[in-house]
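To start, the structure itself, in structure tokens.
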Protein chains: 4
Amino acid sequence: MNKVMLIGNVGKEPVVHYYDADQAVAQVSFATTEKGYTLANGMQVPDHTDWHNLVFFRGLAKVVEKYVHKGDRLYVEGRIRYRLYDDKQGKRHNITEIYVDNMEMLTSRSGASAPTSAPASSSTPSPAETTENKDLPF
Amino acid sequence: MNKVMLIGNVGKEPVVHYYDADQAVAQVSFATTEKGYTLANGMQVPDHTDWHNLVFFRGLAKVVEKYVHKGDRLYVEGRIRYRLYDDKQGKRHNITEIYVDNMEMLTSRSGASAPTSAPASSSTPSPAETTENKDLPF
Amino acid sequence: MNKVMLIGNVGKEPVVHYYDADQAVAQVSFATTEKGYTLANGMQVPDHTDWHNLVFFRGLAKVVEKYVHKGDRLYVEGRIRYRLYDDKQGKRHNITEIYVDNMEMLTSRSGASAPTSAPASSSTPSPAETTENKDLPF
Amino acid sequence: MNKVMLIGNVGKEPVVHYYDADQAVAQVSFATTEKGYTLANGMQVPDHTDWHNLVFFRGLAKVVEKYVHKGDRLYVEGRIRYRLYDDKQGKRHNITEIYVDNMEMLTSRSGASAPTSAPASSSTPSPAETTENKDLPF
DNA sequence: TTTT
DNA sequence: TTTT
């Protein structure tokens with residue numbers, strides 16, 4: 001088991017690459033913040049923010065491209081991956097990424113205009129705010 | 001592994017029992033709500049609320065007694081337990097409970113007056129809004 | 001959030017219903033066991049087993065029908081649902097179910113003969129032991 | 001929320017530092033392995049192992065020092081932390097660590113002799129294989 | 001009713 | 001019985 005669950009906010013506009021029509025990859029810089037607290041001795045521990053490198057593949061990458069924007073609050077589930085890469089100068093770098101398997105948008109955008117091409121009809125079914133498995137409404 | 005994670009709201013004031021000075025047990029009726037959504041065919045699936053029976057023991061029960069109130073939003077982690085009990089009429093019942101191992105209060109109560117008896121001193125360290133393991137602030 | 005994660009064993013053969021060609025539902029009786037331990041005072045707390053009612057829908061129900069059997073070890077993720085139903089005698093009952101959104105088979109069945117009709121060819125791609133989201137092997 | 005759950009194996013003997021009698025920190029190199037699988041097109045995706053830097057504080061660090069060894073299988077829960085540090089040559093490095101809040105030992109060591117110095121008494125209550133919250137055995 |  |  002290698003499982004990560006995060007609730008946080010998107011730091012800037014997602015970056016999406018298409019390797020072919022089907023193979024989309026989206027990268028999202030994502031902040032989680034741990035609230036500060038006061039120690040028994042009165043010392044104040046400040047808030048702490050971590051910046052995660054989220055990576056979305058295939059269908060999720062397309063959902064990100066369509067609906068996710070800077071500032072949005074998300075719940076994501078995935079796995080930690082550690083990777084080496086060489087930059088243009090041939091320097092080797094470590095990078096830690098979260099491969100996202102599941103996402104839920106927590107920013108409600110009820111009367112939201114769609115990002116790129118606005119839907120003409122107002123009867124359009126609401127934008128998919130959830131990409132989790134949805135099952136029979138028993 | 002038998003793990004439950006919930007974010008939701010307290011439905012009524014917690015009920016706390018002391019078996020002796022140390023053995024406190026708190027019971028909390030707790031609602032989680034799954035947002036409705038629109039199916040591909042246009043059908044609307046409404047919001048769905050589940051009511052959980054949370055059970056807190058020992059130190060956590062005391063934190064609940066002190067700080068948790070009707071309407072509060074909580075994050076809880078625990079385990080599912082199924083139990084049989086006989087009511088006063090001798091009738092047997094099934095009950096499902098969530099034994100809580102970890103709790104975090106999500107309702108900020110910054111300028112909160114303490115629940116029953118307000119603390120005299122204003123220099124009191126802030127009420128514990130978190131009961132998770134807190135470690136060295138590296 | 002209403003999230004459940006279980007690792008345990010299937011107690012008897014799954015029961016599968018088809019409402020139509022697509023709408024399959026599988027029910028699985030599922031045991032999780034919490035290891036006993038010794039208290040500080042030397043008292044022994046025995047092992048404790050909980051029996052969960054798992055419910056699988058659609059594609060997952062079909063995977064269950066094909067591959068899951070009595071005794072198998074599974075990892076499942078899902079949500080808790082509380083439901084009322086009336087039995088044939090018109091008596092009302094509470095039932096707690098785990099709606100499964102994600103499953104992973106932990107019982108390796110490497111040289112396994114397929115459950116009902118064994119595949120003739122040995123070059124058959126291995127049976128799906130995982131039904132989680134699988135992404136690009138970056 | 002910044003939550004990590006891992007099941008895997010300890011790669012080498014833990015390294016423990018004491019800053020003072022109470023402030024212990026343990027570091028553990030920890031491997032999680034994702035099973036390979038066969039793609040629809042017959043291509044084989046091999047097993048994939050990730051090496052995590054686990055960090056344990058205070059009481060957990062002492063449990064690690066006493067009971068955790070190379071090869072042991074563990075379940076850990078914690079948070080991801082990204083940190084910069086300068087090495088002895090003054091070079092800046094990124095490091096990703098998992099701050100562990102909760103641990104469970106999955107390697108059973110029933111008749112285990114204690115690691116370094118064996119306890120004198122054989123009536124010693126069994127070694128703590130679990131450091132999770134344990135509650136009233138209702 | 002299961003399993004380690 | 002709660003809340004967003």
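A heavy atom closer than 4.0 Å to some atom of DNA chain E occurs in C:Asn9, C:Val10, C:Gly11, C:Lys12, these being the qualifying members of residues 5-13 of chain C.
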Determine, step by step, whether A:Val28 and A:Val10 satisfy the side-chain contact (heavy atoms from CB on, under 4.5 Å) criterion, reporting the C-alpha distance in whole Å, the side-chain angles of both residues, the deciding distance to 0.1 Å, and the verdict. CA-CA 7 Å; A:Val28 170; A:Val10 173; 4.0 Å; yes
Pair B:Thr96, B:Ile80 - check side-chain contact (heavy atoms from CB on, under 4.5 Å), show working. CA-CA 7 Å; B:Thr96 299; B:Ile80 310 177; 3.8 Å; yes
Give the intermediate values and the outcome of side-chain contact (heavy atoms from CB on, under 4.5 Å) for residues B:Met105 and B:Asp72. CA-CA 8 Å; B:Met105 300 187 66; B:Asp72 283 357; 3.8 Å; yes
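Interface limits on DNA chain E: the 5'-most and 3'-most nucleotides within less than 4.0 Å of chain C heavy atoms are E:dT1 to E:dT3.
Between A:Lys3 and C:Glu77, at least one side-chain nitrogen of the basic residue sits less than 4.0 Å from a carboxylate oxygen of the acidic one, meeting the salt-bridge criterion.
Below 30°, between 30° and 60°, or above 60°: for B:His52 and B:Phe30 the angle between ring planes is between 30° and 60°, a tilted geometry.
Taken from CG in C:Leu74 to CE in C:Met103, the straight-line distance is 6.0 Å, to the nearest 0.5 Å.
Tested against C:Glu97 for a salt bridge (Lys or Arg N to Asp or Glu O under 4.0 Å), the candidates C:Arg79, C:Arg81, C:Arg83 yield a single pass: C:Arg83.
Note on C:Thr32: nothing from the nucleic acid sits closer than 4.0 angstrom, heavy atoms only.
Residues C:Arg73 and C:Trp51 each lie close to DNA chain E; by heavy-atom proximity, the contact nearer the 5' end of the strand is made by C:Trp51.
By the 4.5 Å heavy-atom criterion applied to side chains, C:Tyr99 and C:Phe57 are counted as neighbours.
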